[in-house]
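Each remark here refers to the structure printed beneath this line.
These numbers come from the heavy atoms of this one structure, side chains and all, not from hydrogens, waters or symmetry mates. From a predicted model like this one, the values you see are computed outputs, not experimental measurements.
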Amino acid sequence: MTTLAQPTASAPTDADVLALAREVGRAAAPFEAVHDTRADFVDEAYTAMAELGYLRLAVPAELGGIGATLRQVVLAEEELGRWSGSAALAAAMHLYLTRMQVWRHRRGKPDAAGVLRRIAGEGLVLATSGGSDWVCPTTTATPVEGGYRFDGRKTFCSQAPVAGVLSTSAVLGEPGPDAVILHAGVPFSAPGVGIVETWDTLGMRGTASHDVVLDGVFVPEEKILGTRPYGVLAGPLLVAVIHFAPVAAAAYLGVAHGACEEAERLVVGRSEVPAAAVRGIGEMRARLRVAHWALLAAVDEVGDDPAADDPTLDAVLTAKRHVVVEARAVVDRALEVAGGVAFFRRSPLERAYRDVRGGPFHPLTPEATLARLGENALAAARG
C-alpha cells in the first residue's frame with residue numbers, strides 16, 4: 001500500500017502524490033455505485049484518505065503535512081477523479097480550504113498555523129458553504145457581546161457528515177451596498193449548528209452536500225477571518241475562488257478521464273471496431289490533453305502563492321471553464337463510442353454522464369466567466 005502518512009523530509013514528487021491519489025481511488029472505486037444509488041457519503045474513501053494522509057496533502061511539511069504544491073494538489077485530484085468523482089469533489093472542498101490556510105499562513109495570519117496543525121495532527125476536515133455564500137449570502141450576522149450571532153441556512157455543504165469546521169459568511173447590516181460580509185470558521189460542534197440531509201441530486205451523489213442550519217450560532221469576534229463589501233467578489237471570497245477553481249476543475253477532468261478509459265475498455269473487447277469509434281476515442285484523448293494542459297498552465301501562471309487580484313482570478317476561471325465544458329463533451333462522446341450498454345444504470349459511464357453535469361454550476365459558471373472576460377477586455381480597450 002502506498003502511504004505518505006508520515007511527514008516527509010523532502011518535498012513530495014509528482015509521482016508520490018499521483019500514487020497516493022491512486023491508492024485512495026482504488027479504495028473508493030468498489031463502493032461508487034452503492035453510494036450513487038443511496039446518495040450517501042463516500043465513507044470508505046475518507047477512511048482511506050485519513051489512513052494514507054491524503055487529507056493533509058496540502059499542509060506544509062513543517063506543520064506536519066505532506067507539503068504538496070497547488071499544482072500537485074491539482075494532479076492528485078485529477079487522478080482521484082478517474083476512480084471516484086464524488087470522493088474527488090468532496091475532498092476538493094477540504095483541499096482548497098487547506099490551501100487557503102497555507103496562503104494565510106504565508107501572510108502571517110496567526111490562526112492559520114493552528115488550523116493546519118489540526119488538519120495534520122487531528123484529522124480536522126474543513127467544509128465550505130460557498131455554494132450558497134456567493135457575493136450576497138442570506139445568512140445574517142447580529143452583533144452581540146463578544147462577537148456575532150449567525151442565523152441562516154447553507155446549501156451545498158459537501159462532506160458535511162465528517163467535517164469539523166464550516167467556512168462560511170454572513171451579512172452584517174441591511175442587505176445592500178452599505179452592508180458588510182463577515183467571513184468566519186464555525187465548528188460543527190457549536191451550539192445551534194445542525195445538518196439537514198437534503199442531498200438527492202442528479203450527480204455527485206456521494207459527496208453528501210447537505211444543508212447546514214445556523215440557528216443563533218455564536219461566533220467570537222476573534223474568529224472573524226475577514227470582511228468584504230456586500231455584493232463584491234473581494235477579500236476572503238476572492239482568495240477562496242482562486243484556490244477553488246483549479247482544484248475542483250481537476251476532479252471533473254478526472255471523471256472525464258475515467259469515462260474515456262471505460263469507453264476504450266468496451267471498444268477493445270469488440271471483434272470489429274467501427275471507424276467512428278476510433279475517431280471518437282481520438283477526439284476524447286485530444287480534448288483531455290488540451291484541458292489538462294490548460295489547467296496546469298493556469299496554475300503555473302499564477303504560481304504556488306497566487307496574488308489575490310483580477311488577473312489571477314481570470315486565469316484560473318478561464319481554465320476552469322475550459323475544463324468543465326470539455327469534461328462534459330468528453331463524457332458525451334464516451335457514451336456514443338460505448339453504445340447502448342452505457343445507457344444502463346449499472347454502467348460507470350451513466351454515472352460519469354451525470355457527475356460531470358455538476359461542473360458548470362460551480363461559480364463562476366461558464367457563461368458568467370465569458371461575460372467577465374469580455375467586460376474586462378472592453379474596459380482595458382477603453383483605457
Can you tell whether the side chains of D332 and R357 come within less than 4.0 Å, N to carboxylate O? yes
Could you state whether W199 and I195 fall into the same hydrophobic cluster, counting links through intermediate Ile, Leu, Val, Met, Phe, Trp or Tyr residues with side-chain heavy atoms under 4.5 angstrom apart? no
Going by heavy atoms in the side chains, are L75 and L296 under 4.5 Å from each other? yes
Can you see which heavy atom on C157 is nearest to which on S129, and at what distance? SG-CB, 3.8 Å
Which atom of G280 lies closest to which atom of R333, heavy atoms considered: O-CG, 3.7 Å
Between the side chains of D314 and N376, is a donor N or O closer than 3.5 angstrom to an acceptor N or O? yes
Can you tell me how far CG of D40 sits from NE2 of H35, rounded to the nearest 0.5 angstrom? 5.5 Å
Using side-chain heavy atoms (C-beta onward) and a distance below 4.5 Å, is R104 in contact with D111? yes
Within the 3.5 Å criterion, strictly below it, is a donor on H292 or E78 matched to an acceptor on the partner's side chain? yes
Does F343 offer a backbone N or O that forms a donor-acceptor pair with the side chain of S347 under 3.5 Å? no
Distance under 6.0 Å and angle within 45° of ring axis: R107 vs W103: yes
To the nearest 0.5 Å, what is the distance between CG on L55 and CG on L95? 7.0 Å
Roughly how far, to the nearest 0.5 Å, is CD of Q159 from OG1 of T128? 9.5 Å
Does V135 offer a backbone N or O that forms a donor-acceptor pair with the side chain of R228 under 3.5 Å? yes
Going by heavy atoms in the side chains, are L166 and F188 under 4.5 Å from each other? yes
Which of F244, F156, W134 passes ring-ring contact (aromatic ring centres under 6.0 Å, His included) with H362? Answer is F244
Spacing of CD belonging to E261 relative to CZ belonging to R82, to within rounding of 0.5 Å: 4.5 Å
Nearest 0.5 angstrom please: L57 CG to Q72 CD, how far? 7.5 Å
D355 and G85: which non-hydrogen atoms are nearest, and at how many Å? OD2-CA, 4.4 Å
Expected output: side-chain T69 to main-chain D304 donor-acceptor under 3.5 Å: no
Within 6.0 Å of CD in E336, more than 12 heavy atoms from elsewhere: yes
Would you check if F344 and E350 make a side-chain contact, meaning some heavy-atom pair closer than 4.5 Å? no
Check E262 with R265, please: is the shortest side-chain N to carboxylate O separation under 4.0 Å? yes
Hphob cluster co-occupancy, I181 + V186, side-chain heavy atoms under 4.5 angstrom: no
Are L52 and V59 connected in a single hydrophobic cluster, I mean Ile/Leu/Val/Met/Phe/Trp/Tyr linked by side-chain heavy atoms less than 4.5 Å apart? yes
What heavy-atom pair brings A291 and H322 nearest, and what distance separates the two atoms? CA-CD2, 3.7 Å
Applying a strict under-4.5 Å side-chain criterion to I, L, V, M, F, W and Y, I'd like to know whether L97 and V115 cluster together. yes
Side-chain (S84) to main-chain (A28) donor-acceptor, under 3.5 angstrom: no
Are any of the side-chain heavy atoms of V247 and L70 separated by less than 4.5 Å? yes
Which atom of G339 lies closest to which atom of R270, heavy atoms considered: N-NH2, 4.2 Å
For Y46 together with F41, are the ring centres under 6.0 Å from each other? yes
Expected output: side-chain R205 to main-chain D36 donor-acceptor under 3.5 Å: yes
Can you hop from L18 to I66 via hydrophobic side chains spaced under 4.5 Å? yes
For the side-chain contact (heavy atoms from CB on, under 4.5 Å) test, which of M49, E51, E79 pairs with V24? M49
Is it true that a side-chain atom of H183 and a backbone atom of S169 form a donor plus acceptor pair closer than 3.5 Å? no
Taking everything shown except E62 itself, do over 12 heavy atoms lie less than 6.0 Å from its CD? yes
Donor-acceptor contact below 3.5 Å, side chain T365 vs main chain F361: no
Go through it in stages, so that I can follow the logic: the residues are V42 and E32, the test is side chain to side chain contact (heavy atoms under 4.5 Å, CB included), and I'd like the CA-CA distance, side-chain angles, deciding distance and then a yes or no. CA-CA 8 Å; V42 286; E32 269 287 275; 4.1 Å; yes
Between NZ of K223 and CZ of F218, what distance do you get to the nearest 0.5 Å? 11.0 Å
Please answer whether the main-chain N or O of T142 pairs with a side-chain N or O of R149 as donor and acceptor at a distance below 3.5 Å. no
Any side-chain heavy atom of V196 sitting closer than 4.5 Å to one from R153? yes
Closest contact, heavy atoms only, A308 versus V239: CB-CG2, 3.9 Å
Below 4.5 Å, heavy atoms only, C-beta onward: do L214 and D151 meet side chain to side chain? no
Is there side-chain contact between V255 and R351, with at least one heavy-atom pair below 4.5 Å? no
